[in-house]
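For reference, the structure is listed below as structure tokens.
Below, all heavy atoms of this structure are taken into account, side chains as well, without hydrogens, waters or symmetry copies. In each ligand, atom 1 is the first atom listed, and ligand 1 is the first ligand listed.
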Amino acid sequence: MGMLDGKVAIVTGAGHGIGRGHAMELAKHGAKVVVNDLGGSVTGEGEGRDADQTVGIIEERGGEAVANYENVADHEGAGRMVAQAVDTWGRLDVLVTNAGIVRDSAIWNMSEADFDAVMAVHIKGMWSPCHHAARHWRSVNKETGQPVGGRVITTTSGAGLVGNFGQTNYATAKAGVAGFTQTLSLELWRLGVTVNAVGPAAATRITATMPGAPDVIEPDDVPEDEWNRMDPAVSSPLVAWLASDESSHVTGQVIRAVAEDIILMTGWTNGAQISNGGKRWDATKLGTQLATDVFGTRAPGLRY
Ligand SMILES: NC(=O)c1ccc[n+]([C@@H]2O[C@H](COP(=O)([O-])OP(=O)(O)OC[C@H]3O[C@@H](n4cnc5c(N)ncnc54)[C@H](O)[C@@H]3O)[C@@H](O)[C@H]2O)c1
């Protein structure tokens, strides 16, 4: 008996890398998987049938999967992808939004097209599938009057949570993923749907674009009983658990899964605070008071 038996999942961008690892792991635990991938380059050009490779691996290992070649940033294409899951297997339980591209450079060298392309895949390519899945779950909930037990797992990154030089487009998108996850978790809780973000790390096509990065590994290159800290599938057990019924109490969380570590990110919280007793602040006096009572000398991120 698998922990995901009877579940139907969509994993976007599952033709390679981390998404392929998630699709393989979900199928291993019994889920039927729609393997989505546009099949373009790491910078988002072109298209292909890369999803077929992942479907082949899952079927070889005794699982069930179908390919989907939609561009997740195409709103109607995202709708067709959600419909494919429901038409093929009669339901949708899990949506993993993982598809991604990079177009790195310092902001002064980054073109508008580089910004727009990255935002389209990571932000619209997350929002649109979630929109269609949410509409599906809402109609099931209305029909049955029962919580639907759905799961959304989004994909963020250290760049969006703590910053990374050369990635103003990608970091903006990945910070947006975290904010979106928290808000969508509030909207879908009443339907019985949890929404959490995972921040993985692995040697994939995306990291291979960075100087000094290790060679690309695909998750099926790593034998199942072998540990490789850069295996794209290292975060997949966490995704499988978040996809399962066991995680029904966990929502709105941002969790990094880096090699053997699982790290709950705690995000923005109120820090030191000063108050001017119902009066407008005087800018010429603020510097001293902020230095003394707010920033001190050790506030994170201060650069003297
Ligand atoms: N590799 C890392 O260390 C790392 C770290 C943090 C976050 N991530 C995130 O993990 C996710 C997976 O990236 P990866 O590292 O496995 O890279 P990857 O290139 O191996 O996989 C990304 C997949 O997304 C697909 N894709 C791209 N645009 C698409 C679109 N519009 N529609 C459908 N599919 C599309 C690509 O074809 C590719 O197969 C991304 O969201 C990435 O930002 C990766």
Pair V198-L242, side-chain contact (heavy atoms from CB on, under 4.5 Å): steps then yes or no = CA-CA 9 Å; V198 166; L242 287 170; 3.6 Å; yes
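- Remark: ligand 1 atoms within the under-4.0 Å shell around heavy atoms of N36 are 33 (C), 34 (N).
- Near S157, with a cut-off below 4.0 Å to any heavy atom, the atoms of ligand 1 are 6 (C), 7 (C).
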For D50 and H16, what are the C-alpha separation, side-chain angles and deciding distance, and is it a side chain to side chain donor-acceptor pair (under 3.5 Å)?
-> CA-CA 7 Å; D50 305 33; H16 290 283; 2.6 Å; yes
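- For K7 and D245, the salt-bridge test passes: some basic side-chain N is under 4.0 Å from an acidic carboxylate O.
- Taking atom 4 (C) of ligand 1 as the reference point, the nearest protein heavy-atom neighbour is I18 CD1, 3.8 Å.
- The shortest N or O to N or O distance between G19 and ligand 1 is not under 3.5 Å.
- The aromatic rings of W241 and H249 lie perpendicular to each other, with more than 60° between the two planes, well past the 30° mark.
- Under 4.0 Å is where a charged nitrogen must lie from a carboxylate oxygen, and between R151 and D93 no such pair does.
- The protein heavy atom nearest to atom 32 (N) of ligand 1 is V72 N, 3.1 Å.
- Residue P200 places a heavy atom under 4.0 Å from ligand 1.
- Neither the backbone nor the side chain of A120 has any atom closer than 4.0 Å to an atom of ligand 1 (non-hydrogen atoms only).
- On a distance-only criterion, N98 and ligand 1 share at least one N/O pair closer than 3.5 Å.
- With a heavy-atom cut-off of 4.0 Å, R20 does not touch ligand 1 at all.
- A heavy-atom separation below 4.0 Å is not found between G199 and ligand 1.
- At the top of the distance list for atom 26 (N) of ligand 1, counting protein heavy atoms only, stands A99 CB, 3.9 Å.
- When the shell of 6.0 Å around CZ of R138 is examined, it contains 12 or fewer heavy atoms from other residues, nucleotides or ligands.
- Residue A202 holds the heavy atom nearest to atom 2 (C) of ligand 1 of all those in A203, G17, A202.
- Looking from atom 27 (C) of ligand 1 to the surrounding protein, the closest heavy atom is G100 O, 3.4 Å.
- Counting atoms of ligand 1 from 1 in the listed order, those under 4.0 Å from a heavy atom of H122 are 41 (O), 43 (O).
- Checking only distances, T207 never comes within under 3.5 Å of ligand 1, N or O to N or O.
- Residue-to-ligand polar distances keep A201 apart from ligand 1: every N/O pair is separated by 3.5 Å or more.
- Remark: minimum distance from atom 43 (O) of ligand 1 to any protein heavy atom is reached at Y170 OH, 2.5 Å.
- If you check the side chains of T88 and Q84, you find no donor sitting under 3.5 Å from an acceptor.
- Annotation for R229: atom CZ does not count as buried by contact number, only 12 or fewer foreign heavy atoms lying within 6.0 Å.
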Test side-chain contact (heavy atoms from CB on, under 4.5 Å) on M126 and V177 and set out the steps.
-> CA-CA 8 Å; M126 165 184 65; V177 170; 3.8 Å; yes
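- Between W108 and F165, the angle of the ring planes goes over 60°, which puts this pair in the perpendicular group of the 30/60° scheme.
- Short contacts between ligand 1 and E70, defined as distances under 4.0 Å to a heavy atom of the residue, involve ligand atoms 32 (N), 33 (C).
- For the pair R49 and Y69, the cation-pi test (distance below 6.0 Å, angle within 45°) is passed.
- For a threshold of 3.5 Å applied to N or O pairs, the pair formed by T156 and ligand 1 contains no separation below that value.
- Using a 4.0 Å cutoff on heavy atoms, K174 counts as a contact of ligand 1.
- Salt bridge R103/E45: present, at least one basic N to carboxylate O contact under 4.0 Å.
- The closest approach between P232 and ligand 1 stays at or above 4.0 Å for every heavy atom of the residue.
- At distances below 3.5 Å, at least one donor-acceptor pair connects side-chain atoms of D5 with backbone N or O atoms of G2.
- For E47, the CD atom counts as loosely surrounded, since its 6.0 Å shell holds 12 or fewer non-hydrogen atoms of other residues, nucleotides or ligands.
- Ranking protein heavy atoms by distance to atom 38 (C) of ligand 1, first place goes to R205 NH2, 3.3 Å.
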Stepwise, does the side-chain contact (heavy atoms from CB on, under 4.5 Å) test hold for V11 with V35?
-> CA-CA 6 Å; V11 183; V35 173; over 6 Å; no
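- At a 4.0 Å heavy-atom cut-off, ligand 1 touches N71 through backbone and side chain alike.
- Remark: ligand 1 atoms within the under-4.0 Å shell around heavy atoms of G39 are 37 (O).
- Of all the heavy atoms of T155, the ones lying under 4.0 Å from any atom of ligand 1 belong exclusively to the side chain.
- Using a 4.0 angstrom heavy-atom cutoff, D50 does not count as in contact with ligand 1.
- Tested against W127, the residues H75, H132, H122 include a single ring-ring contact (aromatic ring centres under 6.0 Å, His included) partner, H75.
- A heavy-atom separation below 4.0 Å is not found between G125 and ligand 1.
- Contact annotation: for L38 versus ligand 1, heavy atoms closer than 4.0 Å belong to both the backbone and the side chain.
- The protein heavy atom nearest to atom 14 (P) of ligand 1 is T204 OG1, 3.5 Å.
- Under 4.0 Å from ligand 1, the heavy atoms of I101 that appear belong solely to its side chain.
- At a cut-off of 3.5 Å, with distance as the only test, a side-chain donor of D104 or Q167 sits close to an acceptor on the other residue.
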